[in-house]
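A short worksheet on the structure shown next.
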There are 2 protein chains.
Amino acid sequence: MVAPSLRARVRAGMIEEIKAVARRHLATDGANLSLRAVARDMGMVSSAIYRYFPSRDDLLTALILEAYGALGDAVEEADAGVDRTDLRGRWHAVCRAARAWALAHPAEYALIYGSPVPGYAAPDDTVAPASRPPVTLVGILRDGVAAGLLTPLGEDLPEPLRSDVAALGALIDVDLPPALLARGMAGWTQLFGLISFELFGRINRMLPHRDEYFDHQTGLMADLIGLPAA
Amino acid sequence: MVAPSLRARVRAGMIEEIKAVARRHLATDGANLSLRAVARDMGMVSSAIYRYFPSRDDLLTALILEAYGALGDAVEEADAGVDRTDLRGRWHAVCRAARAWALAHPAEYALIYGSPVPGYAAPDDTVAPASRPPVTLVGILRDGVAAGLLTPLGEDLPEPLRSDVAALGALIDVDLPPALLARGMAGWTQLFGLISFELFGRINRMLPHRDEYFDHQTGLMADLIGLPAA
DNA sequence: ATTCCGTCAAGAGCAGTGCTCTCGGTTTTG
DNA sequence: CAAAACCGAGAGCACTGCTCTTGACGGAAT
C-alpha cells in the first residue's frame, strides 16, 4: 500500500467537496442539479468541474450510489440492533429506519426511488446496493424459518409464477418457500409505497399522526407474512 | 347556450392541439417538457405558446389534470363492468385497469405519481381527481359491508390513529370501520407500489410473468382485507 | 538542474431553455 | 365604422450543459 501522491489526495478531496456541495444543492433545489451553480459555490468555473466528473449524469450517478449506500447502511444497522429472534421487532425496526432516512433525506430518496430522469440510464453498479433494503427484509423471514420461529403456511404458487419467484430467491441467495417470499416482497412493495406517499403524495395530509399510521400499516404487512410477536 | 365565437373555437382547438403535442413529447422525452420544442412541432414561435398557457407549469398542470381524469375514468369503468356483488372480481378489475393504464401511459403516470418536480407545486384542483382510484377501491369495501358480503373483523384501531382514519373516511364519505378502511388504504398503497416498481424499478426485471405476479400480489391484499371470492 | 508531460483552472463559445416585451396584423365587439 | 381585444412573430435576457483552447503549475525523468 503505497501512499497516494499529493495530487491524488487533493483530487479525492475535491471530488468529495463537489459531491457535498451537490448534495446540498439537491436538498434545496431538487433533482435539477446545476453544474454551474455547484461550481459557483466552490469559487470555480463550470468547466473545471469536468476535470472531476465527465458529465452531469456521472455526478448524479455518484450521488445515487452514495444514497443507496446510506439507506442500506441505515437499514442494516437498524436490523442488527434488534434481537435476532424478535422477528416482528426487526421488521418494524427496518421499516422505521427506511422511513426515517427518507424523511431526513427526501431529495436523495426521490433521486433513487422517484421517477427516473428521462435521458438518464442507471448503470448496473446500482442494482446491488439498491437491493440491500429488500434483501434485509426477506433476511428476517429467512432467519425466522431457519430458527423455527416462522412456519410458512402450506400454500403454494401456481406454476408460471412459482419458478419466477424461486429464481428470484436463488438470485439473492435466500432459500424460502416461494409463497412466503412473495409475501415478503409484498411487504417491501408496501413499504416503498408508504414512504413515497408520505413524501410525494398529498393524499394523507389528512393523517396528523403519521408515525402511528406507518407502524400500523407495516404491522398489517407483518400480519400478512405471519411474523410472530416477540 | 349561445354558440361560441369562431375565435373562441379555434382557441379551444389550439389549446387541445398544444396539449396533444405536449403529451407526445412527454411520451418520448420524459418529464422535461420543452415549450420551444412543442412550439416548433406546431410551426409556431415559442412566445406564441404563452398566449394559451401563462407558463410551462400551467401546461404541465393541464396535462396532470388530464392524466388524473384518464386514470380515474379507466378505473371507474373497469369497476362498473363487474357484477356489484363480486367484490374480489371488482378489486382485481380495478387493480388491473390502473396497471394497464400506467403501462400504456408511463410518462403520464410518472407525471402524476412520480417524484414531484422541484419548483412545481400542484394546485388544489388536483386533489379531487387524484383521489378517484383510492375512492373506487374503498367503494368496493363499502358496497361489500352494505350488502353483508364483507364482515369486518372485530379489530379496532388504537386511539390517536382511529380518529385520523375515521376523519379520512368522513372526508371521502365512506362509512367504514376504521380498521377496515386502514386495510383498504394498505391495498391502495400496495397497488401504487406495485405499479411504480414495475415502471421505474429495475428490481423485478427478474420476473418474466409480470401479469401473474401482479395478480398474485393484489390477491394477497384482497386476502388481507378479507374480500370473499365470487 | 533542466526539460518534459500530465494536470489544472479559466475563458470563450455553441446550442438549447423559460420567459418578457414590443411590434404589426387580424378579429371581435360596441 | 371605430375601438378594443387578441394573436403571431421577433428580439432579447438570463440561464443551462458541454466543448475547445490557452496558459500556468508541479512532479518526475534525464
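Side-chain atoms of A:His105 come within 3.5 Å of backbone atoms of A:Trp101 as a donor-acceptor pair (strictly under, hydrogens ignored). For A:Ser196 (side chain) and A:Gly193 (main-chain N/O), no donor-acceptor pair under 3.5 Å exists by modelled atom type. A donor-acceptor pair under 3.5 Å is absent between the side-chain atoms of A:Gln217 and the main chain of A:Gln190, judged by distance alone.
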Name the pairs: protein N/O against N/O of nucleotides 7-9 of chain D, kept only if under 3.5 Å.
unit_1: D:dC7; atom_1: OP1; unit_2: B:Arg11; atom_2: NH1; d: 3.0
unit_1: D:dC7; atom_1: OP2; unit_2: B:Arg11; atom_2: NH1; d: 2.8
unit_1: D:dG8; atom_1: OP1; unit_2: B:Tyr52; atom_2: OH; d: 2.8
unit_1: D:dG8; atom_1: OP2; unit_2: B:Tyr52; atom_2: OH; d: 2.9
unit_1: D:dG8; atom_1: N7; unit_2: B:Arg51; atom_2: NE; d: 3.2
unit_1: D:dG8; atom_1: O6; unit_2: B:Arg51; atom_2: NH2; d: 2.3
unit_1: D:dA9; atom_1: OP2; unit_2: B:Val45; atom_2: N; d: 3.2
unit_1: D:dA9; atom_1: N7; unit_2: B:Ser47; atom_2: OG; d: 3.4

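Between D:dC18, C:dT17, C:dG18, one nucleotide has an atom nearer to the side chain of B:Arg56 than all others, and that is C:dG18.
Between the CZ atom of A:Arg9 and the P atom of C:dC8 there is a distance of 15 Å, given to the nearest Å. Summarising the geometry, the separation between NE2 on A:His25 and P on D:dC15 is reported as 13 Å, rounded to the nearest angstrom. Atom CZ in A:Phe53 sits roughly 17 Å away from atom P in C:dT7 (whole-Å rounding). The separation between A:Leu35 atom CG and D:dT16 atom C1' is 9 Å, rounded to whole Å. In this structure, B:Leu60 atom CG and C:dT17 atom C1' are separated by 14 Å, rounded to whole Å.
The residues A:Asp73 and A:Arg132 are annotated as salt-bridged, a charged nitrogen and a carboxylate oxygen being separated by less than 4.0 angstrom.
Contact annotation for B:Leu33: backbone-only contact, meaning every heavy-atom pair under 4.0 Å involves sugar-phosphate atoms and none involves a base. Nucleic acid contact class of B:Ser46 (heavy atoms, under 4.0 Å, all strands): base.
A perpendicular orientation is assigned to the rings of A:Tyr113 and A:Tyr68, their planes being inclined by more than 60° (bins at 30° and 60°).
The neighbour count for B:Glu77 CD, taken as heavy atoms of other residues, nucleotides or ligands under 6.0 Å away, does not exceed 12.
Applying the 4.0 Å criterion to OP1 and OP2 of C:dT17, one finds that B:Arg40 has a side-chain N or O inside that range.
At a cut-off of 3.5 angstrom, counting only N and O atoms as typed in the model, there is a donor on one side and an acceptor on the other between the side-chain of B:Arg36 and the base of C:dG18.
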